[in-house]
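Heads up: the structure comes next, in structure tokens.
Keep in mind that what you see is a predicted model, and the values were worked out from it rather than measured.
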Amino acid sequence: MKKKKYRILKELVGGGIIGFILGFSILFIRDYIHIPEGFVKLPFYINILIFIFTFFLAVTLHEFGHALSFISNGIKMRAIFFTIFALIKEDNKWKFKLTSIKTVGGIAIPDIISVKDEKDFQSKQKAFAKAVIMGPISSLIVWIVLTFISIVMIKFTSSIYIRAGLLSLILSLSGITIFLLATSFIKKDLVIGDFPAYKIIKSDSFFVEFNFMAMDIYPHSQKSLEMKIHI
């Protein structure tokens, strides 16, 4: 019964957040912005480029939200993958690479190579849980901050094309944020979103231990990291 209530509450909260973003975007465009004539005059490929740029930015900041949370809790990072790019630590140096990993999102991989004792395990378990939940929180913060900045710039700029570009950015970011938050609720056999993963990590020590072991088994090479992600 408790699980059912929790699931219903989770769906209500998730739906409320996504609905707020969507509703705010619609109301803002309808009531506060006169859609610039230049918006429809912008070349179609410009809006596509804005969307692609916004997607890369949103995914990158989502993954860096995970990574910065790990670091702030005393855990070093091994690699950060975002779409087709990756930052990988090799020989104590960070290297920026193109990766063959096929993913529309990304993954932040901490460098957990040892656990000293039960107290250390519990500390890393808490840090792991905090880092997982910081991804969607970061996405929400990015949406709020960039949308606010864009609104201010739209109000104070006279260029119709800059206004159009910023409006395109708001629309793209809103849709991408909804996508990132929605996927954070997924719980399937092979895919676990950030929200259910957060719950599992907090309560299931075996799941956490298995992940720690997986991180220790694979060497610090890009090929092995790619194998880890596919597995």
Is the ring centre of Phe82 less than 6.0 Å from the ring centre of Phe56? no
same_hphob_cluster(Ile52, Phe44) at 4.5 Å side-chain heavy-atom cutoff: yes
Heavy-atom donor-acceptor pair, Ser150 side chain to Leu146 backbone, under 3.5 Å: yes
Closest non-hydrogen atoms of His62 and Ser184, given as atom of the first, atom of the second and distance, are CE1-OG, 4.4 Å
Looking at every non-hydrogen atom in both residues, tell me the closest pair between Val132 and Asp194 and how far apart they are. CG1-O, 3.2 Å
Hey, is the main chain of Lys119 close enough, under 3.5 Å, to the side chain of Ser123 for a donor-acceptor pair? no
Any side-chain heavy atom of Ile176 within less than 4.5 Å of one from Phe51? yes
Could you state the interatomic distance from CD1 (Ile178) to OG (Ser139), rounded to the nearest 0.5 Å? 12.0 Å
Can you tell if the side chain of Phe53 reaches within under 4.5 Å of the side chain of Ser172, non-hydrogen atoms only? no
Starting at CD of Gln125, measure out to NZ of Lys202 and round the result to the nearest 0.5 Å. 10.0 Å
Any donor-acceptor N/O pair, Asp91 side chain to Lys93 backbone, under 3.5 Å: no
When you look at CZ of Phe96, are more than 12 heavy atoms from neighbouring residues, nucleotides or ligands closer to it than 6.0 Å? yes
Same hydrophobic cluster for Leu167 and Phe148, using side-chain heavy-atom links shorter than 4.5 Å among ILVMFWY? no
Taking all non-hydrogen atoms of both residues, which atom of Ser168 and which atom of Asn47 are closest, and how far apart? OG-OD1, 3.1 Å
What distance separates Ile109 CD1 from Lys89 NZ, expressed to the nearest 0.5 Å? 14.0 Å
Intermediate values then yes/no, side-chain contact (heavy atoms from CB on, under 4.5 Å), Met134 and Leu68: CA-CA 9 Å; Met134 272 308 298; Leu68 291 176; over 6 Å; no
Of all the heavy-atom pairs spanning Tyr198 and Ala129, show the shortest one and how long it is. CD1-O, 3.1 Å
With side chains defined as the heavy atoms from C-beta onward, is the minimum distance between Ser138 and Leu61 less than 4.5 Å? no
Cluster link Val152 to Ile144, ILVMFWY, side chain under 4.5 Å: no
Working to the nearest 0.5 Å, report the span between CG of Leu87 and NZ of Lys95. 12.5 Å
Interatomic spacing from NZ in Lys97 to CZ in Phe81 - rounded to 0.5 Å: 9.0 Å
Could you report the tightest heavy-atom contact between His66 and Ala108, atom names first, then the distance? CB-CB, 3.8 Å
Considering all heavy atoms of both residues, which atom of Pro110 and which atom of Ile75 are nearest to each other, and what is their separation? CB-CG2, 3.8 Å
Flag, side chain of Thr183 to backbone of Phe179, donor-acceptor distance under 3.5 Å: yes
Side-chain contact test, heavy atoms from C-beta onward, threshold under 4.5 Å: evaluate it for Lys199 versus Lys187 and give yes or no. no
If we only count heavy atoms from C-beta on, is the Phe85 to Ile80 side-chain gap below 4.5 Å? no
How far apart are the C-alpha atoms of Asn73 and Lys130, what are their side-chain angles, what is the distance that settles it, and do they pass the side-chain contact (heavy atoms from CB on, under 4.5 Å) test? CA-CA 9 Å; Asn73 284 281; Lys130 290 178 182 178; 3.8 Å; yes
Taking C-beta and beyond as the side chain, do Phe121 and Val208 meet within less than 4.5 Å on heavy atoms? yes
Among Thr147, Thr54, Leu57, Ile154, exactly one meets side-chain contact (heavy atoms from CB on, under 4.5 Å) together with Leu169. Which residue is that? Thr54
Just wondering, do Ile50 and Leu171 contact through their side chains at under 4.5 Å, heavy atoms? no
Ile88 side chain near Trp94 side chain, heavy-atom distance below 4.5 Å: no
Side-chain donor or acceptor of Ser72 paired with backbone N/O of Ser69 under 3.5 Å: yes
Please check if Val59 and Val145 belong to a single hydrophobic cluster, counting links between Ile, Leu, Val, Met, Phe, Trp and Tyr side chain heavy atoms closer than 4.5 Å. yes
One should read off an interatomic distance between Thr177 OG1 and Ile141 CD1, to the nearest 0.5 angstrom, of 12.0 Å
